Amino acid sequence: MSVRTRFAPSPTGYLHIGGVRTALFNWLFARHHGGQFLVRIDDTDQQRHVDEAVTKILDGFRWLGMDWDEGPEVGGPVGPYFQSQRHHLYRAAADQLVASGHVYRDYSTDQERAADKALADKEKRPYRFRRKEYTAAELAQFESEGRRYALRFQVPAGRVLVLNDLIKGPVEFSTEEIGDFVIVRPDGSPLYNFASVVDDLGMQITHVVRAEEHLSNTFPQLLVFEALGAPLPAFAHIPYVAEPGSRSKMSKRKLAEYEKQGILVYLHQYMERGYLPDAMLNYLSRLGWSFDASQEIFTRPELIEKFSLERVNSSPASHDQDKLFWIQSEWMKSLPLEEKVAGCLPFLEREGVVHTPVDAETCSRIEAVIQALGDRLKVFSDIVKLGRYFFSETMTYDPDAMKKRLKKDGVPQMLRELDQVLAEVEPYDLATLEKVVHDYSEQSSRKIGDVVNPLRVATTGQGVGPGLYDCLYILGREKCRARIAQTLETLAQLEQKG
RNA sequence: GGCCCCGUCGUCUAGCCAGGUCUAGGACACGUGCCUUUCACGCACGCAACACGGGUUCGAAUCCCGUCGGGGUCACCA
């Protein structure tokens with residue numbers, strides 16, 4: 001039988017790192033075995049359904065290149081793929097379980113249950129709902145008055161259930177720990193532990209790979225599979241993702257705090273910043289999984305080939321932005337120039353310094369800048385921070401660089417001389433530029449650094465950047481001279497102010 | 001609180017199932033140095049962990065028990 005996995009998000013908002021990783025493991029496992037990966041939207045609780053959220057999740061998958069064989073937008077033979085549209089299937093399964101006696105009508109009221117629970121708490125024993133025995137007369141009465149009831153699963157007493165989890169290993173759980181649980185509300189809507197089983201069964205899921213918060217939930221689900229007379233899928237429970245530098249789980253409540261610390265926990269935040277899908281995929285796969293003692297960089301095909309659930313860690317992993325950043329830089333290094341250009345373009349456009357469609361001249365300028373930037377460009381959005389001054393007419397000075405390189409005796413005079421050098425250099429190309437600046441340094445008996453660094457700040461405003469000659473060349477003679485003039489003026493003004 | 005899962009450098013991890021080859025390996029981050037016009041890259045070196053306590057054994061990171069810590073679950077949430 002072909003392997004079938006599924007990712008079943010509740011459409012409440014953006015996907016965070018942990019959720020994406022769970023989906024990825026499902027996808028990798030399915031692809032590794034040449035099986036199918038399905039997406040199902042778990043929206044049994046209507047309040048959880050946010051239309052936009054489904055699109056956001058799918059956009060994230062598309063961006064990562066995680067294709068789904070069945071699910072929203074693509075359909076499939078065992079749909080619908082929204083739980084909210086599968087009520088007839090839950091109804092049928094519930095009817096079957098009522099008929100087989102596994103499920104009964106529970107007429108209890110909120111007040112009764114609250115009282116039972118309070119009593120249990122008071123006696124310091126765990127509260128477990130158990131079937132209440134009613135007389136025939138009482139039942140008749142309930143029915144005649146149209147009293148509402150929930151459908152509950154009657155949990156067998158005194159059994160020990162065993163789950164052979166692919167990641168956690170064998171786990172035992174006594175049915176004494178499980179209260180009779182509701183599978184259908186009085187209004188007919190199904191609950192997760194029931195709907196999930198009906199769907200996994202109906203969709204012929206062979207491997208349920210999901211977050212470990214579901215580990216305890218698995219046992220009631222096991223009972224439902226059994227009652228339905230269905231074969232069990234295999235289960236693999238993946239540990240949670242902890243916040244950076246900690247073993248504590250990432251919490252939605254701490255979102256504001258993460259933001260303040262510059263910690264990004266949502267996939268879309270990385271998409272927006274210009275990370276590479278391949279890098280993200282690589283990072284996510286290594287978070288809680290390893291192939292051997294040394295390999296860090298994996299291509300997509302390698303991941304599919306080498307992934308296995310056996311090598312997923314059973315303990316939590318914490319999100320490590322530094323590692324992600326490093327993997328990203330590794331992938332960026334090997335990205336072809338034209339793809340870098342394509343990736344940077346949206347950021348330049350948003351910044352308003354180039355306009356699409358770009359003409360040939362602008363395009364080659366972008367190429368030149370990216371080439372000059374080299375490995376300094378780690379994520380696409382860096383093009384703005386690192387390369388803005390190549391495109392923009394105006395130049396702003398980095399205060400530290402200004403102080404360190406320009407506010408020194410003799411600098412204005414040197415800049416005037418260098419301006420003359422630039423005015424006369426012919427041809428205005430990389431090699432000649434380098435030669436004349438070196439010659440100038442020798443003739444004026446200045447250390448090369450004392451020439452290059454002020455000139456860099458005078459023409460780019462920044463203390464760091466690509467090699468100076470690259471900068472001078474890309475900027476062009478006129479712009480360089482104009483900026484030197486601007487710098488001299490700025491320095492003169494500062495001088496006056498004292 | 002009951003039950004369940006988890007615990008190797010700051011972080012990702014190898015080693016654990018089949019105890020000795022582990023004075024615990026790799027990577028990120030960090031520190032130092034080299035290269036160098038800055039930064040980045042690259043190279044070299046360094047810092048740094050078996051949560052704790054018992055037991056089993058000739059021998060334990062590896063097996064067992066306990067403690068502590070983290071997480072989950074006990075809903076007519078998913």
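A, B, ... follow the sequence lines: proteins, then strands. Residue 1 opens every chain. Keep in mind the model is a prediction, meaning the values are calculated, not measured.
Residue A:Trp289 contributes atom CH2, which lies 18 Å from atom P of B:A27 at whole-angstrom precision. Here the P atom of nucleotide B:C74 and the CG atom of A:Leu215 are 12 Å apart, to the nearest Å. In this structure, A:Ile263 atom CD1 and B:U11 atom C1' are separated by 12 Å, rounded to whole Å. Summarising the geometry, the separation between CD on A:Glu176 and P on B:C4 is reported as 13 Å, rounded to the nearest angstrom. Atom pair A:Glu310:CD and B:A18:C1' shows a separation of 17 Å (rounding to whole Å applied).
In this structure, A:Gly467 reaches the bases: a heavy-atom distance under 4.0 Å links it to at least one base atom across the strands shown. When heavy atoms are screened at a 4.0 angstrom cut-off, A:Asn217 is found touching base atoms of the nucleic acid. Residue-level contact check: A:His214 touches the bases, meaning some heavy atom is under 4.0 Å from a base atom. Using a 4.0 Å heavy-atom cutoff across all strands shown, A:Arg113 reaches at least one base atom of the nucleic acid. Here A:Asp322 lies in heavy-atom contact (under 4.0 Å) with sugar-phosphate atoms only.
Comparing the same atom, C1', in B:C68 and in B:C52 gives a spacing of 7 Å after rounding to whole Å. Here, B:G66 and B:C77 have their P atoms 36 Å apart, quoted to the whole Å. Comparing B:A27 with B:C47, their P atoms are spaced 15 Å from each other, to the whole Å. Nucleotides B:A24 and B:A29 have their P atoms positioned 24 Å apart, rounded to a whole Å. Separating the C1' atom of B:G55 from that of B:U13 is a span of 30 Å, rounded to the nearest Å. To the nearest whole angstrom, the two C1' atoms, one in B:U62 and one in B:U56, are 13 Å apart. For the P atoms, the distance linking B:A44 with B:U37 amounts to 22 Å, nearest Å. Only the P atoms considered, B:C5 is 48 Å distant from B:A40, to the nearest whole Å.
A:Ser318 has a side-chain polar atom (N or O) that falls below the 4.0 Å cut-off from OP1 or OP2 of B:C12. Between B:G69 and A:Arg247, no contact under 4.0 Å exists linking OP1 or OP2 to a side-chain N or O. For B:A27, neither phosphate oxygen OP1 nor OP2 lies less than 4.0 angstrom from any side-chain nitrogen or oxygen of A:Ser294. Residue A:Lys333 places at least one side-chain N or O closer than 4.0 Å to OP1 or OP2 of B:G42. One finds a side-chain N or O of A:Ser290 lying less than 4.0 angstrom from the OP1 or OP2 phosphate oxygen of B:A14. At B:G15, one or more side-chain N or O atoms of A:Arg311 fall inside 4.0 Å of OP1 or OP2 (strictly under the cut-off).
The residues A:Arg131 and A:Asp106 are annotated as not salt-bridged, no charged nitrogen and carboxylate oxygen being separated by less than 4.0 angstrom. Ion pairing of A:Lys340 with A:Glu367 is absent here, as no side-chain N (NZ or NE/NH1/NH2) approaches a carboxylate O to less than 4.0 Å. A salt bridge does not link A:Glu243 to A:Lys249: none of the charged nitrogens lies less than 4.0 Å from a carboxylate oxygen. Between A:Arg159 and A:Glu226 a salt bridge is recorded (basic side-chain N to carboxylate O distance below 4.0 Å).
Side chain of A:Ser246 to backbone of A:Ala242: no donor-acceptor contact under 3.5 angstrom is found. A donor-acceptor contact shorter than 3.5 Å links the side chain of A:Gln269 to the backbone of A:Val265.
Side-chain atoms of A:Tyr90 and A:Asp199 form a donor-acceptor pair, as typed in the model, at a separation below 3.5 Å.
Across B:G72, B:A14, B:C76, the shortest atom-to-atom separation from the side chain of A:Asp110 is found for B:C76. Distances from the side chain of A:Arg185 to the nucleotides B:A14, B:C76, B:G72 place B:C76 closest. When distances run from any side-chain atom of A:Arg376 to the nucleotides B:G2, B:U38, B:G70, the shortest one goes to B:U38. Among the nucleotides B:C12, B:A78, B:U38, the one closest to the side chain of A:Ala317 is B:C12. Side chain of A:Lys378, nearest nucleotide from B:C76, B:U38, B:A40: B:A40. Nearest to the side-chain atoms of A:Leu191 among the listed nucleotides B:C77, B:C3, B:C12 stands B:C77. Distance from the side chain of A:Thr44 is smallest for B:A78 among the nucleotides B:A78, B:C76, B:A14. Side-chain atoms of A:Glu296 lie closest to B:G26 of the nucleotides B:U37, B:G26, B:C77. Of the candidates B:U38, B:A40, B:C6, the closest approach to any side-chain atom of A:Lys168 belongs to B:C6. Comparing atom distances between the A:Leu468 side chain and each of B:U37, B:A14, B:U73 picks out B:U37 as nearest.
Judged by Watson-Crick or G-U wobble contacts below 3.5 Å, the nucleotide B:G53 has B:C65 as its partner. Across all strands shown, B:G31 pairs with B:C45; the Watson-Crick or G-U wobble distances both stay below 3.5 Å. Of the nucleotides present, B:G20 is the one that pairs with B:C58 by Watson-Crick or G-U wobble criteria, both distances under 3.5 Å.
Interface remark: the A:Asn193 side chain does not form any donor-acceptor pair with the B:A78 base, using a distance-only criterion of under 3.5 Å. Under 3.5 Å, the side chain of A:Gln295 and the base of B:G26 form no donor-acceptor pair of N or O atoms. Taking only distance into account, the side chain of A:Lys323 meets the base of B:A27 through a donor-acceptor pair shorter than 3.5 Å.
A:Phe307 and A:Phe298 have their aromatic ring centers separated by at least 6.0 angstrom.
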